[in-house]
Participant: 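Can you keep this structure in mind? I'll have questions shortly.
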Amino acid sequence: MVYQTGTVDSGPSTKALLLRLLREEGGRPASGEKLALALGISRVAVWKAVRALLKAGYPIDAGEPGYSIRPEEEPDFLYPWEFGERENLFHHFLRTESTMDRMRDFALRGGDDGTVVLAERQEAGRGRCGRNWVSPEGGLYLTVLERPEAGSRLSPAEYRLPLMLYQIAVARALATACGKPALLRWPNDVYVGGRKIAGLLCEFSGEGDSLGWTAVGIGINVNNTVPGESAVSCAGLSGRDLSRRDLTLAVLKEAAVLKEAAELKRLTAGTGSGTPGNRRLAEEWNSLAEGIGGSASLVRFTPEAGREKDGGILAAGTFSGVDALGRCLISGREGEKAFQSGDRSLVYHRNLGSADKKISIGGIIVETTETKTVPKEEKAGQTGTAGRDPRRRSVTPLVFVALFAALIAAGAFLIVPVGPVPVVLQNMFALLAGLVLGPALGAGAAALFVAAGAVGAPVFGGGGAGLASLLGPTGGYLLGYILGAFVSGLIAGSPKPERKTPALRLALAVAAGILAVYVPGLVALSRFVGWDRVLIAGFVPFIAGDAVKGILAVLVARRLRRTAAALLSR
Ligand code: BTN
């Protein structure tokens with residue numbers, strides 16, 4: 001289904017105005033009469049607009065006191081009426097082959113400068129060099145149309161300028177949204193922490209000796225899952241979902257600011273020198289680029305049988321950024337040469353902070369010829385925080401283990417006085433450790449807790465301590481915390497910053513974890529009460545409470561897993 005609206009000048013639609021009024025009420029109901037009066041339309045027209053919004057998926061309640069919206073349940077919609085004054089320039093598809101194709105249709109039909117096509121999913125998303133751009137839900141996929149007026153058109157040699165403009169805008173918007181430096185890689189990528197977060201693509205039409213229109217396609221990993229270690233999403237970085245609408249507006253705003261700052265009303269000749277290209281834009285690009293001054297190779301890729309093959313090295317030397325046309329400058333033995341992009345990509349010879357000894361080029365991975373870590377000082381100047389700080393990597397897991405061990409210990413004193421036997425929350429925290437940290441770290445936290453108790457810290461139920469407690473009737477349960485944390489972590493899997501774990505998997509994990517706590521618990525208890533009474537004494541009275549604790553652990557783990565993963569993967 002496609003949502004689009006009328007002409008550029010028609011202003012905000014009834015849907016946009018109605019949403020604004022409902023949001024202003026902050027969840028309180030507004031009567032149909034009041035809304036009709038405020039909008040200058042009939043109550044029937046209000047009802048029709050409400051129905052259309054309900055159909056589009058908005059959480060609106062329609063009842064006796066009037067209409068209200070549940071603000072905290074509003075999904076991250078990208079409908080045209082979410083984009084304010086210029087909503088008529090926006091076109092939204094729930095699914096389409098590629099926003100590039102849709103934009104081409106609009107451009108050929110005379111679409112206005114600034115037209116934006118957005119899609120929730122692309123079924124045939126395109127990347128550079130004939131590659132696919134896998135486009136699952138949660139990502140941001142848009143194409144923007146640049147159609148300069150007749151007197152200010154670009155020459156064919158300047159075709160990269162609109163793309164560079166949006167590439168910088170995307171990097172700036174992402175840096176603000178994710179709170180981390182986002183850096184450019186030639187020709188069309190944006191990276192955060194050595195992992196690809198966005199890619200751009202441009203298509204244009206030639207009219208005589210100038211470009212008629214340029215369509216810039218932008219794909220950003222926002223809340224979608226990303227494959228492998230070479231890519232990352234905003235949600236993976238920040239541990240929470242981000243508003244794709246706000247990110248879209250931020251990218252468009254940054255692009256508008258850049259156009260002004262670089263005097264890019266006409267994208268060319270920003271310096272008035274009469275030479276083609278735009279030096280200011282190139283300077284801005286270079287200031288955000290990764291790897292300038294480092295050694296690199298320019299390679300050609302040819303898609304073959306679905307996988308890319310190295311089509312050969314075209315140049316090798318020192319990468320010195322881009323020139324005013326956005327060409328890649330490589331200084332070799334024969335001096336500096338400028339290369340257009342086309343089917344070429346730049347391979348950095350040094351590890352610019354990628355997670356392993358491979359380097360990602362436009363979404364694909366190649367082995368590097370020489371991999372050496374960039375020294376810290378060089379990173380700070382050249383690549384920001386693109387590299388991982390090895391000290392932080394080794395400390396963070398220990399901090400998590402200690403925190404969860406402390407939480408399990410604190411559970412000894414969090415006693416809920418319900419039922420014949422009061423409920424202690426320690427096993428819930430042990431399972432939570434497994435669910436949030438994964439098997440190894442989760443079991444590590446439980447083991448640290450047990451070890452602390454064994455050497456005399458008063459951390460066992462009700463403040464008990466010592467080896468005697470471990471060898472007593474309830475000692476098996478304490479050891480069971482280690483097994484429970486391990487099993488729940490094993491089934492839940494290690495947390496991934498870019499992926500939400502399905503609730504069902506967490507529920508299975510916690511159920512298995514609870515049973516795992518009981519196994520050593522009942523074996524140890526049987527020595528004191530005998531096998532015939534062990535279930536009645538050690539299982540039946542507690543299982544209902546444990547089920548409730550398990551549900552709580554799942555709910556908390558769902559919120560914490562991605563945040564923990566993001567911190568652990570830094
Ligand atoms: C690349 O890294 O190779 C460029 C990827 C560009 C992907 C975007 S998503 C929106 C637009 N529609 C497409 O089919 N491709 C671009």
Side-chain angles (χ1 to χ4, degrees), residues 2 78 90-107 111 115-146 159-160 162-171 173-174 182-192 195-204 213-224 226-228 230-234 244 247-248 251-252 255 290 299-303 306-308 326 341-347 354 359-366:
V2 53
L78 295 173
F90 287 75
H91 304 270
H92 174 257
F93 294 82
L94 292 177
R95 63 171 69 169
T96 186
E97 287 78 33
S98 160
T99 55
M100 300 308 281
D101 297 340
R102 297 292 74 76
M103 184 57 89
R104 192 182 165 76
D105 299 340
F106 286 120
T115 297
V116 177
V117 172
L118 291 144
E120 298 292 337
R121 276 199 296 157
Q122 297 186 116
E123 277 149 3
R126 296 204 290 274
R128 287 184 62 240
C129 310
R131 293 190 286 252
N132 295 330
W133 183 262
V134 182
S135 313
E137 263 171 43
L140 182 57
Y141 316 108
L142 72 149
T143 300
V144 188
L145 187 66
E146 288 287 327
Y159 75 94
R160 274 191 54 76
L163 187 136
M164 284 164 66
L165 178 95
Y166 281 97
Q167 193 181 6
I168 298 168
V170 166
L174 281 173
L183 302 171
L184 311 181
R185 284 199 189 177
W186 193 87
N188 296 5
D189 297 337
V190 181
Y191 275 66
V192 173
R195 296 197 277 174
K196 181 162 169 170
I197 193 160
L200 290 90
L201 189 68
C202 89
E203 289 172 8
F204 43 82
W213 51 262
T214 307
V216 182
I218 303 169
I220 307 181
N221 297 322
V222 185
N223 306 320
N224 54 301
V226 291
S230 60
V232 71
S233 68
C234 298
R244 293 170 307 152
L247 190 60
T248 306
V251 169
L252 297 177
E290 249 181 337
V299 294
R300 170 180 285 139
F301 281 90
T302 42
R307 63 186 255 272
E308 296 81 2
S341 52
D343 58 357
R344 290 140 188 203
S345 290
L346 195 63
V347 180
S354 47
I359 283 193
S360 162
I361 308 172
I364 63 163
I365 304 284
V366 293

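In what follows, every heavy atom counts, from backbone to side chain, and hydrogens, waters and symmetry copies are set aside. Atoms within a ligand are numbered from 1 in the order they appear, just like the ligands themselves.
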Participant: Which of these, Arg126, Glu123, Glu97, has its nearest heavy atom closest to atom 14 (O) of ligand 1?
Facilitator: Arg126

Participant: Assess, by modelled atom type and distance only, whether the side chains of Arg128 and Ser345 contain a donor and an acceptor separated by less than 3.5 Å.
Facilitator: yes

Participant: Holding to side-chain contact (heavy atoms from CB on, under 4.5 Å), I want the full list of residues that pass it with Ala173, two or more places apart in sequence or in another chain.
Facilitator: Leu247, Ala250, Val251, Glu254

Participant: Can you list the ligand 1 atoms lying under 4.0 Å from a non-hydrogen atom of Lys196?
Facilitator: 1 (C), 2 (O)

Participant: Among all residues two or more places apart in sequence or in another chain, which pass the side-chain contact (heavy atoms from CB on, under 4.5 Å) test with Arg104?
Facilitator: Leu108, Trp213

Participant: What atoms of ligand 1 come within less than 4.0 Å of a heavy atom belonging to Asp189?
Facilitator: 2 (O)

Participant: Under a 4.5 Å cut-off applied to non-hydrogen side-chain atoms, are Val117 and Phe93 in contact?
Facilitator: yes

Participant: Tell me which part of Arg131 gets within contact of ligand 1: side chain, backbone, both or neither, using heavy atoms under 4.0 Å.
Facilitator: neither

Participant: Considering only heavy atoms, which of Cys202, Gly219, Gly127 lies nearest to atom 8 (C) of ligand 1?
Facilitator: Gly219

Participant: Which heavy atom in Met103 sits nearest to a heavy atom in Thr115, and how many Å separate them?
Facilitator: CE-O, 3.1 Å

Participant: With heavy-atom distances below 4.0 Å as the criterion, list the atoms of ligand 1 near Thr99.
Facilitator: 10 (C), 11 (C), 12 (N)

Participant: With heavy atoms only and a cut-off of under 4.0 Å, state how Asn188 meets ligand 1: side chain, backbone, both or neither.
Facilitator: neither

Participant: Which option, Met100, Arg128, Glu203, Arg185, owns the non-hydrogen atom nearest atom 1 (C) of ligand 1?
Facilitator: Arg128

Participant: Hey, does Gln122 come in under 3.5 Å of ligand 1, counting only N/O atoms on both sides?
Facilitator: yes

Participant: Does Arg126 pair with Asp101 as a salt bridge, N-O distance under 4.0 Å?
Facilitator: yes

